[in-house]
Novice: 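Before I ask anything, here is the structure I am working with.
Lettering of chains follows the sequences in order, A, B, ..., and the numbering in each one begins at 1. All values reported here derive from a predicted model rather than from experimental measurement.
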There are 2 protein chains.
Amino acid sequence: MNQPHLKARIRQTGLRATSQRVAILQVLEEAQEHLDAEGIFQRARQIDPSIGLATVYRTLSRFKEVGLVRQRYLSSDHNREYYERADKAEHYHFHCRACGQVIELETARIRQAREELSAQLGIRFTSACVCFEGYCANCAADLPPAAGDSAPACRI
Amino acid sequence: MNQPHLKARIRQTGLRATSQRVAILQVLEEAQEHLDAEGIFQRARQIDPSIGLATVYRTLSRFKEVGLVRQRYLSSDHNREYYERADKAEHYHFHCRACGQVIELETARIRQAREELSAQLGIRFTSACVCFEGYCANCAADLPPAAGDSAPACRI
DNA sequence: ATTACTGCAAAGGCTTTGCATTGTA
DNA sequence: TACAATGCAAAGCCTTTGCAGTAAT
């Protein structure tokens, strides 16, 4: 329960390894789903009951700065921030409007787009937000052929 | 100042063509930059001084539903919603961290990604959020070779 | 004559911040 | 011993909502 490797990882970034931070990093290590600050808070307080929500926000912000976590948005509520470990391979998120699941997608096309646009326009990319929404294979099968709510075609 | 073609366009969607709605649509027609609700409000009230901010929000939401406008996010503040006319060709937004300008990018790679992922996984896409951040060609030239703030490489 | 739409002000929801205190290095 | 980090509560910010009044069809 002392989590020496997590403490070490935090110290490596120059941050102080407080029990709250270790708890938050542990939550992110173990998380199978995508968590927002509130979700991280609920789990972290089971490890360290003294933790406060403000600390979760401050820590996530700090972790993001030093590259320990990535902050993502999931369609379709862009008003809530989600967090994941930064050591995962590049991937994108798809949110199913019917069953609500989030599927992690892999494609080289986004990187390709960045590279081409860099070459064409001299742009230097530092970050990007790419998230998709629609119906997963299972849910799409249950829908009328060309319906799909108020958003029939993909309006990007 | 009666804007008959705007009124007609609104009525075609089944909505009532109020003076406030005409004003908002006119603002979006004429806008050269990317506007948020507050920005649209400020311009619309010059056309129709009686308009309220809540109406702007309600109208934009309604316009989005009927397909008159698209709602976008621009890196790096995803907490503010921007709006643009829905009759523009598919494009993506790049935000320069240095000069602040927003560049509209065109690339087929995103659509390609959608098509491939659809074919591979049976997913049906309805919408997507794609926005980039970094340094434009001009600003990149002024930066140290491989620096780039706290985000050296593109962390997607 | 309906009833969709509006303005105002209040409420909501997520995130940030001020300040005194705690605990790491 | 410094000073980074914390907890609590209050404030911020954008957006939504309730309600009574107004105006489009």
Novice: Between dG13(C) atom P and Phe41(A) atom CZ, what is the distance in whole Å?
Specialist: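 Those two atoms, CZ and P, are 17 Å apart.
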Novice: May I have the distance from Arg45(B) (atom CZ) to dC8(C) (atom C1'), rounded to whole angstrom?
Specialist: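 From Arg45(B) CZ to dC8(C) C1': 13 Å.
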Novice: Enumerate the salt bridge (Lys or Arg N to Asp or Glu O under 4.0 Å) contacts for residues 20-29 of chain B, please, sequence neighbours excluded, ordered by first and then second residue.
Specialist: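 Listed once each, the pairs are Arg9(B)-Glu29(B), Glu29(B)-Arg85(B).
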Novice: Using atom CG of Leu25(B) as one end and atom P of dC5(C) as the other, report the distance to the nearest whole Å.
Specialist: 15 Å
Novice: Who are the side chain to side chain contact (heavy atoms under 4.5 Å, CB included) partners of Ala108(B), not counting sequence neighbours?
Specialist: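 Listed in chain order: Arg111(B).
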Novice: List the protein contact pattern of nucleotides 4-14 of chain D with one symbol per nucleotide (5' to 3'): B for base contact, S for sugar-phosphate-only contact, - for none; contact means a heavy-atom distance under 4.0 Å.
Specialist: BSSBBB----S
Novice: Give every donor-acceptor pair under 3.5 Å between a side-chain atom in residues 40-47 of chain B and any protein atom, sequence neighbours left out.
Specialist:
unit_1: Gln42(B); atom_1: NE2; unit_2: Glu38(B); atom_2: OE2; d: 2.7
unit_1: Arg43(B); atom_1: NH2; unit_2: Glu33(B); atom_2: OE2; d: 2.5

Novice: Rounded to the nearest 0.5 Å, how far does NE2 of His91(A) lie from CZ of Arg70(A)?
Specialist: 6.0 Å
Novice: Whole-Å distance between dG12(C) C1' and Glu38(A) CD?
Specialist: 15 Å
Novice: For Glu106(A), check salt bridge (charged side-chain N to carboxylate O under 4.0 Å, His left out) against everything at least two apart and list the hits.
Specialist: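 Per chain and number, Glu106(A) pairs via salt bridge (charged side-chain N to carboxylate O under 4.0 Å, His left out) with no residue.
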Novice: Would you please name every residue forming a salt bridge (charged side-chain N to carboxylate O under 4.0 Å, His left out) with Arg11(A), sequence neighbours left out?
Specialist: none
Novice: Taking CZ from Phe63(B) and P from dT15(D), how many angstroms apart are they, rounded to a whole number?
Specialist: 17 Å
Novice: Whole angstrom is fine here: how far is it from OH in Tyr73(B) over to P in dC14(C)?
Specialist: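 Rounding to the nearest Å, OH of Tyr73(B) and P of dC14(C) are 13 Å apart.
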